[in-house]
Amino acid sequence: MEEKYSAQKIEKKWQNRWAAKGIFETRIDQTKEKFYCLEMLPYPSGRLHMGHVRNYSIGDALSWYKRLQGLNVLHPIGWDSFGQPAEQAAIQKGVNPRDWTEDNINQMREQLRRLGISYDWSREIAAHRPEFYKFDQWFFLKMLEMGLAYRKDSQVNWCPKCETTLSNEQASGGVCWRCGTRVEKQTRQQWFLRITDYAEELLGGMNQIEGGWPERVLTMQKNWIGRSEGAFIDFAVTHTDQKVRVFTTRIDTIYGANAIVVAPEHPVIENNLDDLAPEVIARIQEIQMEQAQPTDYGEEIAKDGVDTGLKAVNPFSSEELPVWVGNYVMIDYGTGAVMSVPAHDERDFEFAKKFGLPIRQVISEPHLVHEHQQMQALALEEAFTEEGILVHSDYWNGKKSRDAKREMAQFAEKHDFGDSAVTYRLRDWGISRQRFWGAPIPIIYCETCGAVPVPFEELPVELPESAPFTGVGESPLAKVPDFVNAPCPQCGGAGQRETDTMDTFVDSAWYYFRYLDPDNRMMPFDPEVAGYWTPVEQYIGGVDHAVMHLLYTRFWTKVMRDMGLVKFDEPVKNLLTQGMVVGESYYSEEHAGYVPQDEVRIERDEKGKITKANLKSDNSPIKVAVEKMSKSKFNGVDPDDMVLEYGADAVRIFALFAAPVENELVWMETGIDGAVRFLQRVYRYFYRWHEHLQNAPSSEPDEFSEGARKLRQKTHQTIKRITENFESGQFNTPVAGLMELSNAMGDFKIEPSEAETGDLFAVREAVESLILMLTPYAPHICEELWEILTGSEEGILTSNARFPVADPDWARADELEIPVQVNGKLRSRVKASPDATNGELEELALADEKIREYTDGKQIVKVIVVPKRLVNVVIK
RNA sequence: GCUGGGGUGGCGGAAUAGGUAGACGCACAGGACUUAAAAUCCUGUGUCCCUUGUGGACGUGCGGGUUCGAUUCCCGCCCUCAGCACCA
């Protein structure tokens, strides 16, 4: 054994040994309990960032912990390798997206190896490889058969200058990210998946995962699905046989309706164009344009609208109402039409105020009902949006909102002009992307047969080797005639392939099922294999995927269940959303920009608090902030540099110790020093003892010195505590426990050469326990120490070592210090045996000298004894 | 605006079926070792007060409440982070 700890040497040695032996490759074993530990797969950008390191350190710690408990752990990784950056690189640098992607994957795989993450590399997958995306296409065709995939007109962001479609992110602020041109909305035929068919189940299924998923993720999904209960009501358009159907959650307010407001695209406009004045049509077009302008968060557009001149009849009151077009009504929510009740809806109120429409209050607060019934008109300052008692509503007067809602919906249903209804905010999932670097949608358009699915046996529809990447015009795929032209599978006539590719969220919706059976050529995976490995016990990733990815994958699972591929409803039992990794940044207002740390001089007070920060060059003040790591802010750190400098073990310990996993993690170099120091302490201690520990007895001796007893107690207490911590999903507190154990080992001051049998046993037990419990955090050093300790090259897993189990007798304290309070204030402590009865504890407390000072001459009202914890003497 | 988190030392954070607040680490200060430095080891470190002790008071965002006892439970605020947002 070398005297000095060299992280580089040890880590390299074990990474090579693990790889050579395929230690982490996993097979189905029906005799063992399985554990599927999954981390969100990375996009192969080329460099790992600290967020990845944190994510994979968490997953790896958990995988090791479960392996050491004897579970059959599946811990795979792959690449989310379709997507825009590869195509962008092709446009800007002229490289082939495939080559660019593969290069990046190779680099990042090496980085992951250097971190020593225990992946089963034999299961590695990548979305851009035909073996994988073949099954994106397979699923698409299946969903087409099931009626879950369909095509319809939909709007996309379009930059007229670049002649290309843009994603919402690329069109943020309403301008093209590349050229700054104002983005237009364009209507295209796009493919959709009917996720809305599963809206109710996606909502209801949440009770199966409650407790295992963070509350906020479930809430976000709930909000996203946006279930809303109400009613559809038909308003007949006068002089026509048409009806306008509105959706409302407040049917009880219907007597207060002053107008019907429809979205500009509403069919009632199209159907009655002849009856509309030309200036009205012009206004409607204007309003539609306004509405189509993308807006930033928080930006509210002023209400605008126009009276179409059409009239519709309120089926409850028989009142004739004007039909307006309004910019605040959206075609794709509800029915694209609302009844405007200004007295009881803020938006309608604002609209009515602006256009001078009548405002009638029909819901009253209970104590004002009488007053409201007397008065014809009331001047409302603002909309009254709460529920109450109906007034000015004919037959329904005096009813409570809640009852009226139900009864009025039933009435509408009975008289055939309405229905109770549930609507959702959730839209069907549009998967068409006008991009090259994605899975081609397997459809051929034929003039005679229409949109024809590519037969299953012809899958995959492969991407061409290359395409003209100009960044302008249509999708590059459309410019590859060999790809586009294909015979119609139905009639054999000339056909053209769909040139849109699939949203990359399709890949991520099911990728982790492919790990189970990555070489299957016929099916995405064998259902029997999936029956063993899935569902996922623990999924770990960023909270930024709380809605889209995690909702899509839940949807996909339910579809797979309906296909008979899996037998459960929810794919992920437990979800852990880790916090962001942030760094300290330095902003100079003087120079209007961020500056690197080494250009800043920081002064601290005697406690270490920053008192002053100035630029070294010109002494101008600097603002110190903690922000998400980024190159432009000079506050990022490269994981590779860190690993090179401190070693993977230390980097991983710090990533897990510095903060609870769901919190933000502030990356500090001084913090990582602490992790290095800890590892060195462990190594030094081990070095000092390792030869002597070979003489330690294998069975428990009868006698122990006082120091050995103390050490054994601490060892078993630590095992107990760390096991509990792991079980409750804590990753930072076990490190603290290990440090305490290591400190206790140091406190047992005894020369190894003078150690008695009992001492040797106690130290060896502590060392073994420490190594095994530290393995999930720092596997390299632990493997090394284990090899030296046991003399076996097999490694911790192969030698079937197990996570230590606490002996309750040793974990039990032999003497307790019981705090004694007088009237709730801590006044003294007494020593007591853990077996002391409440009566004995009370006696001890009252006999205590300091307590007697307080109780002398006072009346003791009562004494509260909390077994093993505390005594409180209440005096008067 | 709606929804959901979160406010504990100089910092990251421990501790909640109500029971010693501040574990562990960082930073800082002092000491040992050293010709010196680094490394290492030891000690101290919530605030305030005094008669410097095995002392006292205060202290978990603020104000109330319940309780022998509240960081933990209840009520009302303030601040902050995140997601969503003209959703009818």
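So you know, we letter chains A, B, ... as the sequences are listed, proteins then strands, and number each from 1. Owing to the predicted nature of the structure, the values given are computational and were not obtained by experimental measurement.
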message: Holding to ring-ring contact (aromatic ring centres under 6.0 Å, His included), I want the full list of residues that pass it with F505(A), two or more places apart in sequence or in another chain.
response: Y552(A)
message: Please enumerate all residues that pass ring-ring contact (aromatic ring centres under 6.0 Å, His included) together with Y854(A), with sequence neighbours excluded.
response: none
message: Can a donor-acceptor pair be found, under 3.5 Å and without considering hydrogens, that links the side chain of T837(A) to the backbone of E840(A)?
response: yes
task: Using only side-chain N and O atoms of R227(A), determine if any of them is under 4.0 Å from OP1 or OP2 of C87(B).
output: no
Let me check something: any side-chain donor-acceptor pairs from residues 336-343 of chain A under 3.5 Å, sequence neighbours excluded? List them with distances.
from    : atom 1 : to      : atom 2 : distance (Å)
S340(A) : OG     : N258(A) : OD1    : 3.0

Every protein N/O within reach of nucleotides 22-25 of chain B N/O, cut-off under 3.5 Å:
from   : atom 1 : to      : atom 2 : distance (Å)
A23(B) : O2'    : E740(A) : OE2    : 2.8
G25(B) : OP1    : N743(A) : ND2    : 3.3

query: For D348(A), which residues count as a salt bridge (Lys or Arg N to Asp or Glu O under 4.0 Å) partner, sequence neighbours excluded?
result: none
message: Can you tell me whether the base of G44(B) sits syn or anti, using the 90° cut around 0 to define syn?
response: anti
Report all side-chain donor-acceptor pairs from residues 658-670 of chain A shorter than 3.5 Å, counting only partners two or more places apart or in another chain.
from    : atom 1 : to      : atom 2 : distance (Å)
E669(A) : OE1    : Y646(A) : OH     : 2.8

Between the protein and nucleotides 68-73 of chain B, are there any N/O to N/O pairs under 3.5 Å, and if so, what are the atom names and distances?
from   : atom 1 : to      : atom 2 : distance (Å)
C68(B) : O2     : N872(A) : ND2    : 2.3

- prompt: In whole Å, what is the span from the CD atom of E346(A) to the C1' atom of C2(B)?
  reply: 11 Å
- prompt: Which part of the nucleic acid, if any, lies within reach of R425(A) when heavy atoms closer than 4.0 Å are counted: base, sugar-phosphate only, or nothing?
  reply: base
message: Considering every strand and a 4.0 Å limit on heavy-atom distances, what is the contact class for P214(A): base, sugar-phosphate, or nothing?
response: nothing
task: Tell me, please, which residues at least two apart from E849(A) pass salt bridge (Lys or Arg N to Asp or Glu O under 4.0 Å).
output: none
- request: Can you run down the salt bridge (charged side-chain N to carboxylate O under 4.0 Å, His left out) pairs that involve residues 724-738 of chain A, sequence neighbours left out, and say none if there aren't any?
  value: K720(A)-E724(A)
message: Is there a side-chain contact between N732(A) and the phosphate of A14(B), meaning an N or O under 4.0 Å from OP1 or OP2?
response: yes
message: Strictly by salt bridge (charged side-chain N to carboxylate O under 4.0 Å, His left out), give each pair with a member in residues 249-267 of chain A just once, sequence neighbours left out.
response: R250(A)-D252(A)
- request: Select base, sugar-phosphate, or nothing to describe what M339(A) touches, counting heavy atoms under 4.0 Å on all strands.
  value: nothing
- prompt: For RNA chain B, which consecutive runs of 3 or more Watson-Crick or G-U pairs (each distance under 3.5 Å) count as stems?
  reply: B:1-7 with B:78-84, B:10-12 with B:24-26, B:28-32 with B:40-44, B:46-49 with B:55-58, B:61-65 with B:73-77
Please list, for nucleotides 54-60 of chain B, all pairs of protein and nucleotide N/O atoms separated by less than 3.5 Å.
from   : atom 1 : to      : atom 2 : distance (Å)
G56(B) : OP1    : Y854(A) : OH     : 3.2
A57(B) : OP1    : R827(A) : NH2    : 3.4
A57(B) : OP2    : R827(A) : NH1    : 3.4
C58(B) : OP2    : K825(A) : NZ     : 2.8

